[in-house]
Amino acid sequence: MEFDINTLAAAGISVETGEGYTGGGDKYISALRRFYRASGDNRAKMAEYMEKGDAQSFSITVHTLKSNSKMIGAMELSAMFERMERSSKEGDLVSVGEDMEKTLAEYGRILEVIRPIGEMEDFKAAGEISGEEAKKVARELLEALDDFDDDTSMALAGKLSGYPFRITHREKLKEATEYISQFMYEEAAGLIREIVSHIE
Amino acid sequence: MKVMVTGRNHKISGDILLRLNAAGKYDVRECLASKEALFDAVEKEPPLAVIICLAYEDKNSVRVYDVIRDSACFGMMSFIVVANDEDTELFRAGSRLRNVYFVSRPFSIVTLLEKLDEIEQNAGDPDALTDGAAKTTQEVRGDADEKKAGSVGRGSTEDIRDLPLGGSPWDEYPGEVEPWDGSITGDGSSGRVLSEEALRKWGLSSDDSLNTDNDKRKHILVVDDDPQQLAQIKSNLSDFYDVTAVRSGPAAFHYLKKHEVDLILLDYAMPGVDGQMVIKTIRESEEYSHLPVVFLTAASDRETVLKILGMKPQGYLVKPVKKSELVAKIIDVLG
């Protein structure tokens, strides 16, 4: 899918700033993708902490969003999250509530602009492998996960996708890959152990 | 001072880039090792010096001088060519050109810094380039039997601007990184030519050599609950260091039980076991107390910064962190 980088600038995103923080080129695109893919989780957390009145957890969440927005060049959004962070650190959830609608609207607007990048498929199926090879790869993958080696784990997960798993197991492998990209090694290992028993 | 770094030996060019950035006084850029990329880069913003890092046993190395000749149209730039000790043909070709210095490997960063210093002092004064020409010509390493590793030579018999343009194009960057063999001269010494004055000036020890031994990459452990920050930091550092990313203090300690690291980049604000608790545990542990810790924080208010400094880390960085700042801090801590 083609994406016109000029749409970012038109939407008020400072591409130059984002490229400065991320290293530019593919690295900037990867940062935009990660920002997009984390949004569901972030929005859910914000809603949950507001409902529970947990100002401290809320401040940690928007603290992270503040710097991640800056990292992609969404400076106005970063400033909005900073404002909410200040209020929530002071325990002032009333002010947070007042700013919430505007901030979420801006967050949603930015996400919509980068959606084509965020939804780009990056899980590519590898060449087909036999059951014997798949078991070997799975063992190596579990070792790499135990070693917290995300690069090797990602490569091996890609290789393992070459085995003709059933749809449900294929989805679990995809989910494991997503966990690896989030550095959640134990969660990924749990899913791999589930599917490895189904390799014939 | 504007400096461009390029060449087929990405390991050395990357290393030079880091160290010049860390020195703080250079505006350093890097470009691909092709004539077109170099011309494109220098045309937009001519640097004062271009450092070209050639690959080991690169049979086409001598063509780099065609590129240097052709670059004359972009203005007065000086070139520092980093080449293999054995490239006598290369050195002979270079000896005919003015504005060209060459450094044979292995070499010390001090040697490079001294050359850049000289180039900066002579900037805008073409006549200065011919001063001491006879003496420097003698330093040219044209004879393999008489050479000393790490010395610098300079050609000066022809003005680069007077040479005809054209010549064979420089090889396109092949996409393959040629590893530096990290060779040391036959007598086992590093072969550096260092003056006491240079050592004092740059605050370096006589042990300072530009060693990019592939087997000794430093290992950085990054601890941050935010996977986006982890991915970004890992992306920024992986060219130069081995990087392991974990999302919590407990995960970090689990990793440290089985692996050695050289430095920990630690997020200050994490849910659950936060950065304060992690560094406290590290400092109180016999096993890990020696590990340098650099905090990462998105906070820049005075109160938080003072609190962070009170925990006596080896430094802190404000997120989001630019690659150059991150690498400079790591070099500062690890050397």
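Every chain is numbered from 1 and lettered A, B, ... according to where its sequence line falls, protein lines coming before strand lines.
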| request: Output the option from A/D151, A/D146, A/D147, A/I60 having the highest count of non-hydrogen pairs under 4.5 Å with chain B. | output: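 Among the listed options, the one with the most contacts to chain B is A/D147.
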
| query | If you tally heavy-atom pairs under 4.5 Å against chain B, which of A/G20, A/S67, A/S181 wins? | reply |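 Top count of heavy-atom pairs under 4.5 Å with chain B: A/S67.
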
Select one option (side chain, backbone, both, neither) describing which atoms of [X] are under 4.5 Å from chain B's heavy atoms.
X	result
A/K27	both
A/D149	neither
A/F35	both

| query | Measuring heavy-atom distances to chain A, does B/V321 have an atom under 4.5 Å in its side chain, in its backbone, in both, or in neither? | reply |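 The backbone, not the side chain.
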
| message | For B/K258, which atoms come within 4.5 Å of any heavy atom of chain A: side chain, backbone, both, or neither? | response |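 When you check distances to chain A, only side chain atoms of B/K258 fall under 4.5 Å.
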
| request: Evaluate the side-chain hydrogen bond (donor to acceptor under 3.5 Å, both in side chains) criterion for residues B/Q229 and B/D267: first the C-alpha distance (whole Å), next the side-chain angles of each, then the deciding distance (0.1 Å), finally the verdict. | output: CA-CA 10 Å; B/Q229 287 293 332; B/D267 185 23; over 6 Å; no

| Pick from B/A245, B/S235, B/A269, B/S238: which one has the most heavy-atom pairs with chain A under 4.5 Å? |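 Heavy-atom pair counts peak at B/A245.
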
| said: Which one wins on heavy-atom pair count under 4.5 Å against chain A: B/R247, B/E325, B/H259? | reply: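 Looking at each of B/R247, B/E325, B/H259 in turn, B/R247 comes out on top.
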
| message | Testing B/V222, B/I279, B/V294, B/I282 one by one against B/I264 for a side chain to side chain contact (heavy atoms under 4.5 Å, CB included), which residue passes? | response |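 Only one option passes, and that is B/I282.
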
| task | Compute both the distance and the angle, then confirm whether B/R217 meets the cation-pi test with B/F240: under 6.0 Å from the six-membered ring centre, within 45 degrees of the axis. | result |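 Here B/R217 fails the 6.0 Å and 45° test against B/F240.
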
| message | With a 4.5 Å cut-off on side-chain heavy atoms, are A/F165 and A/I195 touching? | response |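 A side-chain contact under 4.5 Å exists here.
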
| message | Once you measure the plane-to-plane angle for A/F148 and B/Y255, does it fall in the parallel (<30°), tilted (30-60°) or perpendicular (>60°) bin? | response |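 The arrangement is parallel - the two ring planes meet at less than 30°.
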
| field | salt_bridge(A/E106, A/K102) N-O dist < 4.0 Å | value |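 Salt bridge absent between A/E106 and A/K102.
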
| field | Verdict with supporting geometry, B/I330 and B/I220, side-chain contact (heavy atoms from CB on, under 4.5 Å) | value | CA-CA 9 Å; B/I330 293 174; B/I220 313 290; 4.1 Å; yes

